[in-house]
2 protein chains.
Amino acid sequence: MLSKNTLKFIKSLHQKKFRKQENSFFVEGEKNVMELLASDFDVTHLLFTSKFGNEHSSLLSDFDGEAFEVTQKVLESVGFFQTNDVALAVATTKANAPLEIRPNDLMLALDDVRDPGNLGTIIRIADWYGIQNIALSTESADFYNPKVLHSSMGSFTRVNVYYTDLNIFLPKSKLPVYGAFMEGESIHEAELTPSGIILMGNESNGISDALAPLVTKKLTIPKFGNAESLNVAIATAVICDNFRRK
Amino acid sequence: MLSKNTLKFIKSLHQKKFRKQENSFFVEGEKNVMELLASDFDVTHLLFTSKFGNEHSSLLSDFDGEAFEVTQKVLESVGFFQTNDVALAVATTKANAPLEIRPNDLMLALDDVRDPGNLGTIIRIADWYGIQNIALSTESADFYNPKVLHSSMGSFTRVNVYYTDLNIFLPKSKLPVYGAFMEGESIHEAELTPSGIILMGNESNGISDALAPLVTKKLTIPKFGNAESLNVAIATAVICDNFRRK
């Protein structure tokens, strides 16, 4: 039976402090739970409704963590979603391991992207464009924040992240560093190498003054109208799309 | 003095029903309030903190609607933002007028985009890429929803929207209709005309079966990794960027 202590434990994982302390995180909803179960993450707890249980009985019999059939009401009381009639899974976090940079790699670096929705969307974009590695400044949103994982739509299982000091990481990588600036060269015209680091800045302040000198090529997304700027996830997608053109 | 009735009136504008009934909407925060005041919208009420008043005294003396200096607490109690120490403005909605389609126009059509954040972000993208007109199915998110206006970052003042039956609108426009489908031609290779309608589908279901036959050219965003899909606002940006390339 599902104990009060287990419920309390899962609820505590809404907070970064407890995610770090317990080395655990949770995801919700069909898409993310199924992706998590199919990944190499160690899933420790699975809470599911009878609806989910009926649809995935073989999956449940193979599952070797603790599994509990619960009501929709219980799912919604422990999770982050307002509506969840499917499942919630708890898994062990991975260590913050350095990225394995291969030659010809295209990767992302995020300088203080704070909004969890933006980070999750960027992880999904990276996964779409075949970018496996993201380096993040230590002040960026937490990868295991439920909103990040949710917005990633399962892509968090396929993208590696590494929180580090970008002041040290960028020069050490020996890769060209591309960054978006208002005064950069148009991404429609610039020569974009197949390998390199695309550095994206903070939602309000862009790329910090400390990191700007480490950018080896300044790029800009050409503007045809009057909006002052683009959201950071939108800009990331447009830049990745231009890099992946032949 | 700011009356209880005025506060009640503003609070009612959180709901679409009352926005329609009162032909009014509100926006919050420095960026959107300033863009609204600089636009051709008729601004009827302005609530502002002393901070905003001190910074914009000449603007306030030119303002001919009802202006009230209030505390941050009052702003936050009537608005949608959790934090607002600046201003909130109420304006009159515009009529749902047919779009003026010019030759060589590139425009957007949204088939049931329901999430207010997505609609607001798409309006901002349209404004960036110089797209002035958006036709929306009648089930799409409401343009005057506070979350839509907020995510548009002021671009709602520069983009025209028209809620209509796209089954009638699309053929009547006589423009080529481009739509994103998994099996479409790569946007990196397809010939994209400078005029046309880019049709984007619902968050879960894509372009509806009813509208699919009206698409004259199916497009797809090439995928290099494993994400199942892209968010609709992300896809809109990438497609617009490809259309605007020379």
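A note on names: the letters A, B, ... follow the listed sequences, proteins ahead of strands, and every chain is numbered from 1.
Put simply, CD1 on A:Ile221 and OH on B:Tyr129 are 5.5 Å apart, with the number rounded to the nearest 0.5 Å.
In the displayed structure, B:Glu183 atom CD is contacted under 6.0 Å by more than 12 heavy atoms of other residues, nucleotides or ligands. Within 6.0 Å of NZ in B:Lys31 there are more than 12 heavy atoms belonging to other residues, nucleotides or ligands. Surrounding NZ of A:Lys94 are more than 12 heavy atoms belonging to other residues, nucleotides or ligands, all under 6.0 Å away. Residue-environment remark: CD (A:Gln82) stays at or below the threshold of 12 foreign heavy atoms within 6.0 Å. More than 12 non-hydrogen atoms from other residues, nucleotides or ligands lie less than 6.0 angstrom from CG of A:Asp62. Remark: B:Asp209 CG is loosely packed, at most 12 non-hydrogen atoms of other residues, nucleotides or ligands lying under 6.0 Å away.
Most heavy-atom pairs under 4.5 Å with chain B, from the set A:Pro222, A:Ser186, A:Ala126, A:Gly117: that is A:Pro222. Ranking A:Val238, A:Asn226, A:Thr121 against chain B, the residue ahead of the rest is A:Asn226, based on heavy-atom pairs under 4.5 Å. Your options are A:Ala227, A:Ser155, A:Gly130, and the one with the most heavy-atom pairs under 4.5 Å with chain B is A:Ala227. For the options B:Ile131, B:Asn242, B:Asp241, heavy-atom pairs under 4.5 Å to chain A are most numerous at B:Asp241.
The backbone N or O of B:Glu228 sits nowhere less than 3.5 Å from a side-chain atom of A:Trp128 that would complete a donor-acceptor pair.
For a residue to count as touching a neighbouring chain, one of its non-hydrogen atoms must lie under 4.5 Å from one of that chain's; by this rule A:Arg158 touches chain B with the side chain only. With a 4.5 angstrom heavy-atom cutoff, B:Arg244 touches chain A via backbone and side-chain atoms both. The contact between A:Ser229 and chain B is made by backbone and side chain atoms together, counting heavy-atom distances below 4.5 Å. Using a 4.5 Å cut-off between heavy atoms, A:Ile123 does not touch chain B at all. Within the 4.5 angstrom heavy-atom criterion, no atom of A:Glu35 approaches chain B.
Between B:Ala237 and A:Ile234, the closest heavy-atom pair is CB-CG2, 3.5 Å.
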